[in-house]
Amino acid sequence: MENLLAVKEQLISGKVTLVDITDGYLNTINSRNPEINAFVHVDENGARQQAVSIQKKIEDGTAGSLAGTVIGVKQVICEKGIKTTCASRILQNFESVYDATVIRKLKSADALLIGRTNMDEFAMGSSTENSVHGATKNPVNSDYVTGGSSGGSAAVVAADMCDVSLGSDTGGSIRQPASYCGVVGLKPTYSRVSRYGLVAYASSFDCIGPFSKNVTDAALLLKHIAGHDPMDNSSSDKPVEDYISALDRYSETLKVGVPEEYFGDGLDSEIRLMIEDQLKSLEKENVKLVPVKLPHMKYGIATYYILATAEASSNLARFDGIRYGHRADHKKVEEELANERAAIKNTLKGKSVAEIEKAMSSIDSQLIRLYKKSRTEGFGTEVKRRILLGTYVLSAGYYDAYYAKAQKVRRLIKNDFEEAFKSVDVIVSPTAPTTAFKLGENMNDPLQMYLNDVYTISANLAGICGISVPAGTHSNGLPVGIQFMGNAFKETDVLRAAKRIENLHS
Ligand code: GLN
């Protein structure tokens, strides 16, 4: 498959034009998107205008290094003048007033931003079914989910509606949908890419990263979005590496750790065999397999769902209908309060003024009612569940038992990785325990839904990087992904490993 570097050459030589490429994508969007619902906003005219002006720059020799790249962006990343809904009713009409740093970087490199992609509300979910825009369907088989929460971004690439896309990964939301849809998905090291303009879910986990049709394009996109940003004081000032030239370092032996904990119960047996088979083939390609241990991995899901929900409950407090977001009908709230006051007066007829005043002061004020009603109407079920859970684990009396304990376990998980990376370059695992599941199948069973993240979540807890790369097709016809995790700032290693898997299939 042609990568973006090859496309760029064709554009420069005049073999193709960006206007034609863009029209091609718009046609595919028009024919496929109504069914799979992966893009939730496409500005056709705007895309054509961008194509014309970038094409002119290409012809003048003044185009930026991403000229020719057509990209979709997850609905959680702010793009000026465009609605950033986070797939939530509460932000349904929120138009961003500034560009996220990643958007600014893409625009200044002349990438063409074609549209906005669907997701689970506030990036909470594993299927892209929790969305005010409706579920996204898997382009490979539309009875199945895309995975989530960046399912729209995975699907737009898988369905060839653009070249690449951006997603966000807090517990696996890039890698798991990449695996379910048969594309490449890269979660960079925490702090490698600026979070400025990414609507926060769990700030100590959130990462922006690329989806692509091949490993080279993921490396190219990462190179453009990575780097220190004065607008995000958690972003790293480590220099950005040359991810592309690293891909061809075949002469160096790559040491791949194989953790038994990631190949145990719950893993689909065919996925296990496929991965084992490919690892054997890699051994002929200067890859050395080394058994490693990650004993605390089994606490990953519990730890994540305590810490991420705690952070979410705090981050989502700002959506109250006053500062941001959907505001419930003010008049109705006023009426409700007046009725309740009248009812109190009525029941306490003949009682003292002090008693009546006491009863009046025990009911919610108009402001509190407006907050409650706005949030009740604005948030979906999964988001509410997480706000409740997060508030609970942070509350006095439970804080030590849950939140503080989970922080300690997070450290143990990180220590496991540090130990393992003393002897290996990358760690291999399946990306998810199964292939994509049917739409609706897990919607009433949150725990089952959470289990999809069992192999991806630890990388976010440890802040390290990970990639999912297509490993082939299951006998059920659905894509399977392999994951490589690398130590912090070792994106070159996971990209190198992924490239070797890609070579096996090309
Ligand atoms: N599926 C996980 C969750 O629901 C991860 C989400 C994510 O990475 N944004 O929280």
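Both counts, for ligands and for their atoms, begin at 1 and track the order of listing. Count residues from 1 along the sequence. What you see is a predicted model; the values in this text were computed from it and never measured.
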Should [X] be listed as contacting ligand 1, given a heavy-atom distance under 4.0 Å as the test?
X	value
Ala308	no
Tyr450	no
Arg386	yes
Phe205	no

Taking all non-hydrogen atoms of both residues, which atom of Thr128 and which atom of Ser150 are closest, and how far apart? OG1-C, 4.2 Å
Short N-O contact, [X] and [Y], less than 4.0 angstrom:
X	Y	result
Asp425	Lys490	no
Arg195	Asp229	no
Lys414	Glu418	yes
Lys293	Glu261	no
Asp169	Arg175	yes

Atom 2 (C) of ligand 1: which protein heavy atom is closest, and how many Å away? Asp453 OD2, 3.1 Å
Using a 4.0 Å heavy-atom cut-off, say whether Tyr305 meets ligand 1 through its side chain, its backbone, both or neither. side chain
Aromatic ring proximity, centroids under 6.0 angstrom, Tyr305 and Tyr450: yes
For the aromatic rings, using the six-membered ring if either is Trp, is the centroid distance between Tyr392 and Tyr398 under 6.0 Å? yes
If you take the nearest heavy atom of each of Gly125, Ser173, Gly167, which one is closest to atom 1 (N) of ligand 1? Gly125
Looking at [X], which atoms of ligand 1 are within less than 4.0 Å of one of its heavy atoms?
X	result
Ala123	6 (C), 7 (C), 9 (N)
Tyr304	2 (C), 3 (C), 5 (C), 6 (C), 10 (O)
Thr170	7 (C), 8 (O), 9 (N)
Asp169	8 (O)
Gly171	5 (C), 7 (C), 8 (O)

